[in-house]
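The structure appears below as structure tokens.
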Amino acid sequence: MQLTDLVPQITNENLREWFLYNAKEPMLFSTVKFLRLFIIFYAIYILIRGHFKARIFFTAAFSLYFYYLCSERYFVLLVFSSVVDYTLSYFLYRETRPIPRKIYLWFSVIVNLTFLGYFKYTGFILDSAHTLFGLDYSIGRVLLPVGISFYTFQSISYIIEIYRKEITPAKDYLDYLFFVSFFPQLVAGPIVRAKDFIPQIYAKLQLTKADVSNALFLIIGGLIKKTVISDYISLNFVDRVFDAPSSYTAFENLMAAYGYTIQIYCDFSGYSDMAIGIAMLLGFKLPTNFRTPYKSASITEFWRRWHISLSTWLKDFLYISVGGNRHGSFAGFLFPALFFFGLIVWGINFAPTSNIPLIISVTGLVVFTLTFILSKEREKTMFTNINLLTTMLLGGLWHGASLRFIIWGALHGIALSVHKIWLEFFPNKKEGKPGVLGSIWKVVAILLTFHFVAFCWIFFRAKDFANALELINNISTITFDPNQWQTIIMGYKNVFILMGIGYVWHFLPENFTNNLRQSFFHMPLVLKAAIFGLVMWLVYAAASAGPQPFIYFQF
Amino acid sequence: MSQDKPYFFQSFAIVVLSIAALIGFKQFLPEKIFTETAGTKNVVVDSLMLEAAEGAGNAPVEKDTLSNTKISFTATNGVKFPAETFEDYKGFQHLVAFYEKLLQLEKSQQGNVRIAYFGDSMTDGDMIVKDLRSSLQNRFGGEGVGFVNITSESAPSRSTLSHSFSGNWKTQSYLNVKNPRKPFGINGHVFFTKRDTVNPVWVKYKASKLSHLSSLNNATLFYGRSGNTHAKMQVIIGADTINKKLNAGSLLNTMPVSGGDVKSFKANFIAADSIPFYGFNFDDGRGVHVDNFSNRGNSGLPIATFNTNLMKAFNEKLGYDLIVLHYGTNVLNYGSLNYTWYEKKMSKVVAHLRECFPGVAILIISTADKSSKYGTEMKTDSAVVPLTLAQKRYAVQTESGYVNLYTLMGGNGSMVRWVEDVPAYANKDYTHFNFRGSKKISDLIYNQLNDGYEKYKALRGGKPLPKEPKRDSVFPVAKPVQVTKPILNKPAADSFKPAAQPVKKPLQPAAVKPVKPAIVPAKEIKPKELKPQPAQPVTAPVIKDTANAQ
């Protein structure tokens, strides 16, 4: 690429390509298109940073434009839902009578969930109705507006926090729009909470050397994780194996499961890091979203480190709303009941061909029931676990409208309950240095947690339930055959190198990463720019790599 | 503290400088990283193709003498298809013998039609072929999955039959073995039992639940010649165990597993060393049967190494009417866009097949679209079109039918669309189809075949059908004459291979007359250049006896 590629002769077509929506080229932070727009935006942003109104208006306008580039006409939806939410919250804040306050709250929540439900779940509900009752409505495919899951949750958090009197609302509509549409986290999170963000709008805009250094450090890491590691291993290995698991050896199936585990982390956390970094360049601090989750020694810990903004959102607004650890509610019981009912029906349906589904479903129910029957505080634990399962089931469904996500959520929900009862019997020792045995146990616990999470990801990734079972079944036939493994690893050398880098990076001690961040901070400005430029080249060169040709092994 | 000073301009400066750095780096750093990794010892590659491609590296580009020509046909059996342009060449004329057999099946429910579908990884796991088989069996009848290998690397992905085997088989494949211990079977493989005193050597087959494939019809073992006289096959069907002595006296031997149809069986092979095993056949003797001979990594060239006598023996037992050659994926990506070498070698392959399977109709299926990355965008690989042209040229020269899968898929950029479609039709390697895409590919092929068939029916008119053709399944009526006679030089028993019926002269309209190809030159091209040059068969006299080999 020459200089003229970045600033070429400007033709009509160029302009259209640069500034208009293009269905074929999604708007991602790692694209040249974004870089071009960001440079223009950032220059103006810095120039007008002293004028509060102008800055807010300009940023909100750019965010809407950014959303238009992501999903074309749906930016209207964003404007519409923000007007509705702002109006309702306006009245809610000024209302003191409990009944109207409840009405405002519910109206807003229902409007938001209706949008989400319509766009995200129509197809799923119709499909399910079709399979269950033979109903056949066809309304065509509903296109999902990008990021709707994220900004809907953000709007809901705003109204609930006002209802709970945890925040004072935005001073005017523009400020609210700025919060909801803030482009760095608009389409893929982190889900920013009103109480963390609204105060920043009104605070003095600050950007220190440390902020910029940290922001660049995050963006660089994010770019490498997302566009180099995740994209490459998914395209060249993981997707292929998941497309047709039985065409591959047991070892390749297993590696695809491990590959997906690091891929989804790199993809998701990489993008989050970029969002946090870009927001930081604008002077806004978004919460950390991932804290090396695979280092967790329990599933409970995992959920404190994985997609933190979502899990805290779910905890505060869903888990607490259905009763938390204090009481049960109709909604809290409904979903687990439906889930286990469906599971048992599925088991019975398959009973003529195989007993395994019935065994699995009954075991699932029994294990889950035992998690509170064995507890000393039976009733309280029951509410906790039922509400926890509801949260995880709906949290699963939030990721996408499919049975696979429900299964994924259920597995995590049940595992969280199991871990709770485990802790009751074998409480963690408080304080004190762990002995040799303790250290060994910690390693075992980390491995166990990691493998459980990796197992659940199979359901998350597979295109359907049968596909997931096929892959698991293939993995179960693995035999120890180092020669074969070595050949496969050599065949997919790049993929395995990247997977290795991904895992090593993930498990690096925290101190090491901190030192690296410190060294980056102390680098002169030019060197920082050079490193950033080098990473951009890496992104470009990795994106130019053709897919690795298909490899057939024979053993 | 100085560190708390506003840092906005510095921040902007870093972003701008980094872009400058990026432009600088691009001047001397490579365009792309992660270049394709080289193969290791266990990666399947077609060694014949590698040799051929290497040898052809410096071959001069030959003048294209076909693309402006009009291709006209001479009548076969009183039926003559209209002339075609090279551009749209399909060669239905060369499938007349096959169509006539189909017509007999359709009109009088008589006889059977057998198709050998040779392919590469595209048809691995019975992809594409299973859909084609199903379309044909739905329309013309026929039960059974056809011929299946003893062991197969793609057995787990095969949905039309569940197939497992012990690890103590020794497999030789025509893909990478030049001189097998015993000749390769029609599936391009030969299997031997390894000496194993502890574990039995076994194979297990179980029928699927798919329609037409829900039984293992007349399961029969195919195996070759050996001095071993004490080998046994122990068949386990449910609770029953039957021991069968294997007589390996002939070049090709068969041994039925049981009298009729079974759902599943296991076969143990006892003291069977040195016997070349080929596979099991499953068919009900009526209707259409399609054998899938897929081989990952195959270019098609290894077929040239088929042993003529053994193939004739296979043909005698199974009676092939159509051979499909579906290759190309493994020939893309060899640097050069000049495929003259491939065209020539494949012409020889077809000639060899005609020698092995006298009278058989041949259908060439071109490579499908495949994408590669150009810059940061996936596009149709630049080798696809040249390869489809080379494949078309050798189809024309060898008087074979031709399906241009690339144009049927939608031409330029179609693979990208097939991959990106929701739901997707092809995999992320931008090469292979998934189940959905395979069905679509099969439909495209079936539709073109059927189009030719309907045209054939219209051209043929209401001429009477020949008398009941002989069945060429393995089981039915014993054919003592054929079994005892040496098979050398003896063409297959088939109504379309008139030499097999020496008593009756081919009076019936169905009998196929030799097809004389005629490629009418365009005005500026000299006739000499245009003369089709099918490779000369190695044993010409054998061919001459049969009807339409030349």
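Quick caveat, the model's predicted, so the values are computed rather than measured. Just so we're on the same page: letters track the sequence lines, and every chain starts at 1.
Most heavy-atom pairs under 4.5 Å with chain B: of the set A:I531, A:L498, A:T477, this distinction falls to A:L498. Options B:A21, B:A13, B:S157 differ in how many heavy-atom pairs under 4.5 Å they form with chain A, and the most are formed by B:S157. Interface remark: of the candidates A:D211, A:D239, A:L534, A:L534 forms the most heavy-atom pairs closer than 4.5 Å to chain B. When the candidates B:A424, B:G24, B:S11 are compared by the number of heavy-atom contacts under 4.5 Å with chain A, B:S11 comes out ahead.
In this structure, chain B has a heavy atom under 4.5 Å from the side chain of A:L216, while its backbone stays farther away. Both the backbone and the side chain of A:L538 come within contact range of chain B, with heavy atoms under 4.5 Å apart. At a 4.5 Å heavy-atom cutoff, B:S154 makes no contact with chain A through either its backbone or its side chain. For a residue to count as touching a neighbouring chain, one of its non-hydrogen atoms must lie under 4.5 Å from one of that chain's; by this rule A:A43 touches chain B with backbone and side chain alike.
Under the 6.0 Å distance and 45° angle rule, A:K463 does not count as a cation-pi partner of A:F242.
Ring-plane geometry between A:F217 and A:F520 is classed as tilted, the angle between the planes lying from 30 to 60 degrees on a 0 to 90 degree scale. By the 30° and 60° cut-offs, the orientation of the rings of B:Y174 relative to B:H189 is tilted.
For the 3.5 Å distance criterion, the side chains of B:N168 and B:S166 qualify, holding a donor opposite an acceptor.
Ring to ring, A:F237 and A:F496 are close: their centroids are under 6.0 angstrom apart.
For the pair B:Y374/B:D381, a side-chain contact is recorded, criterion being any heavy-atom separation below 4.5 Å from C-beta on.
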